[in-house]
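Here is the structure we will look at, set down as C-alpha cells.
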Amino acid sequence: MFIQKAWRTAAFGLYGFTQFTKSGFVEHAKKFREEDMQIRLDGKNCLVTGANSGLGYATAQGLASHGATVYMLCRNKERGETALNEIRSKTGNMNVHLEICDLSSINEVKSFATKFSSLEKPLHVLVNNAGLLEHKRTTTPEGLELNFAVNVAATYTLTELVMPLLEKAASDARVITVASGGMYTEPLNTNLQYSESEFDGTKQYARNKRVQVALTEWWAEKYSNKGVGFYSMHPGWADTPGVSKSLPVLSEKLSGNLRSNEEGADTVVWLGLQPKEKLVPGTFYFDRAEAQKHLKFAGTAASHEKIGSIVDSIRSICNLPANP
C-alpha cells in the first residue's frame, strides 16, 4: 500500500510538471482548431458557480463573449458585482447576471435551486466550478466537513435539483464539472468527510475531485436518455487566487510557468461550445482532448465501483430523497 501511494505521488508529479503547466498548454495548443471557438451561444443560458474570480470568472467571461446569457453564482455580493460589471464591460454582453449563494450551505443551495428553477428557463450549460481546499478541519453550521460540503455535496445537490431545467434544453444541455489532476493520487473513498484523526486537506481535496470524476460517469449513465451530457475536466495548474492561497509552495515553485486563468478555463469554454456529437459522455477532458482517469499501476480504477453507494451516502447527508 505504501509503495503504491508513493508511486501515485511520484507519477502524478512527473505527469503534472510535464503537462499541467503553461508550457504544457502551449505545446497542446498547437493541436487546437481555431474553428472550434467560433461557435456562438446566443439565446443559450449558462450557470457558472464560483464565477467572481479565477477559473470561474474566466469561464463566465468566455461564455459571455460567445453571446451566452450567463448567470454567475457567487458567495460574496460585493465581489460578484465587481466581476459582473467587468465582464459586461469587457464582452459588451449585458445578458450577464449575478446570483448569490453560499455553496457550503446545502440549505442555501436548495433555496437557490428553487428560486432559479422558478424562472422556468431552459439551462443549456451548468459549470460546476466552485471549489475549495481548506487545510484545517472545519465543520459547517450544517455539520459537514467544509471541503466536502463545497466540492461534493453542493456540486451533487445543485446538479440534481436543476436537472429539470437541463432537460428543458435537451438535447443540447450539458454539465461540465471542473475537477483536478490531484485526483490521480487518490482512489474513490467512502470516507467522504475524512474521519481520520489527522486531517489532511490536500488529500481530502484530491478525494473530492475523484468523487467528481466518478459522479460524472455515474450521471452520464443514469441520465443517458435525458439529452443531457456530463463531462469533467482538469484545468491544469493555473495561477488562480485559490492556488496561491491553498498551495503557496506549488505557486512559488512554478512562478512564471503556471497557466493563466484563461488558459485554465479554455477547455471548460470549449466543452460548452462543441456540438455534443463531438463529445463523449462521462469523459474526463484535459486541453480539449480525452484524458486518462487513472495513472498506470496506481490501483485506482476498481474503486469507481463504489460510486453507487457513495451517491446514496451523499443523498442521505444532504437530506435528498433516496434514488429511485
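What you see is a predicted model; the values in this text were computed from it and never measured. Heavy atoms only: backbone and side chains are in, while hydrogens, waters and symmetry mates are out.
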Which residues share a ring pair (Phe, Tyr, Trp, His ring centres under 6.0 Å) with Tyr156, sequence neighbours left out
Trp219
Rounding to 0.5 Å, atoms CG (Leu192) and CD1 (Ile310) come to a distance of 5.5 Å
Are any side-chain N or O atoms of Thr140 and backbone N or O atoms of Leu144, one a donor and one an acceptor, separated by less than 3.5 Å?
yes
Donor-acceptor side-chain pairing of Asn52 and Thr82 below 3.5 angstrom
no
Under 3.5 Å, side chain of Arg88 to main-chain N/O of Asn93, donor-acceptor pair present?
no
Run the ring pair (Phe, Tyr, Trp, His ring centres under 6.0 Å) test against Phe284 and tell me which residues pass, sequence neighbours left out.
none
Non-neighbouring partners of His66 that pass side chain to side chain donor-acceptor pair (under 3.5 Å), sequence neighbours left out:
none
When you compare the side chain of Phe25 with that of Gln19, does any pair of heavy atoms fall below 4.5 Å?
no
What about Phe286 and His28, are their ring centers closer than 6.0 Å?
yes
Heavy-atom donor-acceptor pair, Glu167 side chain to Gly227 backbone, under 3.5 Å
no
Residue pair Val125, Lys44: steps toward the side chain to side chain contact (heavy atoms under 4.5 Å, CB included) verdict:
CA-CA 8 Å; Val125 181; Lys44 294 185 178 180; over 6 Å; no
Passes side chain to side chain contact (heavy atoms under 4.5 Å, CB included), Thr21 versus Leu258? Steps please.
CA-CA 5 Å; Thr21 55; Leu258 288 171; over 6 Å; no
Which heavy-atom pair separates Ser180 from Met183 by the least distance, and what is that distance?
O-CG, 2.9 Å
Do you see a donor-acceptor pair shorter than 3.5 Å between the side chains of Gln292 and Tyr184?
no
Verify same cluster id: Val280, Phe230 (apolar side-chain graph, 4.5 Å):
no
With a 4.5 Å cut-off on side-chain heavy-atom distances among I, L, V, M, F, W and Y, is there a chain of contacts connecting Val109 to Leu132?
no
Does a side-chain N-to-carboxylate-O contact under 4.0 Å join Asp266 and Arg259?
no
Spatial distance of atom CZ (Arg75) from atom OG1 (Thr49) [nearest 0.5 Å]:
13.0 Å
Between Ser89 (side chain) and Asn85 (backbone), is there a donor-acceptor pair under 3.5 Å?
no
List the steps and the verdict of side chain to side chain contact (heavy atoms under 4.5 Å, CB included) for Met72 and His97.
CA-CA 6 Å; Met72 302 169 60; His97 309 283; over 6 Å; no
Could you check whether Arg33 pairs with Asp36 (Lys NZ or Arg NE/NH1/NH2 to Asp/Glu carboxylate O, under 4.0 Å)?
yes
Run the ring pair (Phe, Tyr, Trp, His ring centres under 6.0 Å) test on Tyr285 and His234 for me, step by step, so that the C-alpha distance in whole Å, both residues' side-chain angles and the decisive distance to 0.1 Å come before the verdict.
CA-CA 6 Å; Tyr285 283 89; His234 173 39; over 10 Å; no
How far does CG of Leu126 sit from CE of Met163, to the nearest 0.5 angstrom?
10.5 Å
Is a side-chain donor or acceptor of Ser303 paired with a backbone partner of Leu188 at a separation under 3.5 angstrom?
yes
Do side-chain atoms of Ser117 reach the backbone of Thr114 as a donor and acceptor pair under 3.5 angstrom?
no
Might you confirm whether atom CD of Gln38 has over 12 heavy atoms from other residues, nucleotides or ligands at distances under 6.0 Å?
yes
Donor-acceptor under 3.5 Å (Thr177 side chain, Ala179 main chain):
no
Examine distances only and state if a side-chain atom of Asn261 and a backbone atom of Ala58 form a donor-acceptor pair shorter than 3.5 Å.
no
Lys136 atom NZ, neighbour heavy-atom count above 12 within 6.0 Å
no
Under the ring pair (Phe, Tyr, Trp, His ring centres under 6.0 Å) test, residues paired with His124 that sit two or more places apart
none
Determine the minimum heavy-atom distance between Ser232 and Val213, stating which atoms define it.
OG-CG2, 4.0 Å
Is atom NZ of Lys90 surrounded by more than 12 heavy atoms (other residues, nucleotides or ligands) closer than 6.0 Å?
yes
Backbone N or O of Val48 within a donor-acceptor pair of the Asn129 side chain at under 3.5 Å?
no
Applied to residues 99-119, the salt bridge (Lys or Arg N to Asp or Glu O under 4.0 Å) test, sequence neighbours excluded, yields Glu99-Lys115
Geometric class of the His294/His304 ring pair [parallel <30°, tilted 30-60°, perpendicular >60°]
perpendicular
Are Val268 and Leu73 joined in one hydrophobic group, where the rule is that I, L, V, M, F, W and Y side chains link up if heavy atoms are under 4.5 Å apart?
no
I want to check something: taking the side chain as every heavy atom from C-beta on, are Cys74 and Leu98 in contact at a cut-off of under 4.5 Å?
yes
Main chain of Asn191, side chain of Ser195: is a donor-acceptor contact present, judged purely on distance under 3.5 Å?
no
Side-chain heavy-atom pair Pro122, Asn45 within 4.5 angstrom cut-off:
yes
How close do Asn147 and Glu134 get, heavy atom to heavy atom, and via which atoms?
OD1-N, 2.7 Å
Taking only Lys NZ, Arg NE, NH1 and NH2, and the carboxylate oxygens of Asp or Glu, determine whether Lys209 and Glu186 approach each other closer than 4.0 Å.
no
Could you walk me through whether Thr300 and Arg210 satisfy the side chain to side chain contact (heavy atoms under 4.5 Å, CB included) test, starting with their C-alpha distance in whole Å, then the side-chain angles of each, then the deciding distance to 0.1 Å, before giving a yes or no?
CA-CA 10 Å; Thr300 57; Arg210 173 62 73 187; 3.5 Å; yes
According to salt bridge (charged side-chain N to carboxylate O under 4.0 Å, His left out), who are the partners of Arg174, at least two apart in sequence or on a separate chain?
Asp172
Which word best sums up how the rings of Phe199 and Tyr194 line up, parallel for under 30°, tilted for 30 to 60°, or perpendicular for over 60°?
perpendicular
Looking at CG of Leu215 and CD of Glu160, how far apart are the two atoms once the value is rounded to the nearest 0.5 Å?
8.5 Å
Rounding to 0.5 Å, atoms CG (Asn208) and CG (Asn151) come to a distance of 4.5 Å
Decide if atom CD of Glu78 counts as having more than 12 heavy atoms of other residues, nucleotides or ligands within a radius under 6.0 Å.
no
State plainly whether the residues Glu145 and Arg137 are in salt-bridge range, i.e. N to O under 4.0 Å.
no
If two hydrophobic side chains count as joined below 4.5 Å and joins carry through other members, does Leu158 share a cluster with Met233?
no
If two hydrophobic side chains count as joined below 4.5 Å and joins carry through other members, does Leu47 share a cluster with Val127?
no
Would you check, one step at a time, whether the test salt bridge (charged side-chain N to carboxylate O under 4.0 Å, His left out) holds for Arg207 with Glu196?
CA-CA 13 Å; Arg207 289 179 179 180; Glu196 293 98 325; 3.0 Å; yes
Examine the side chains of Tyr231 and Lys276 and answer whether a donor and an acceptor come within less than 3.5 Å of each other.
no
Could you check whether any side-chain heavy atom of Leu166 comes within less than 4.5 Å of a side-chain heavy atom of Tyr223, counting everything from C-beta outward?
no
Roughly how far apart are Leu55 CG and Thr267 OG1, rounded to 0.5 Å?
10.5 Å
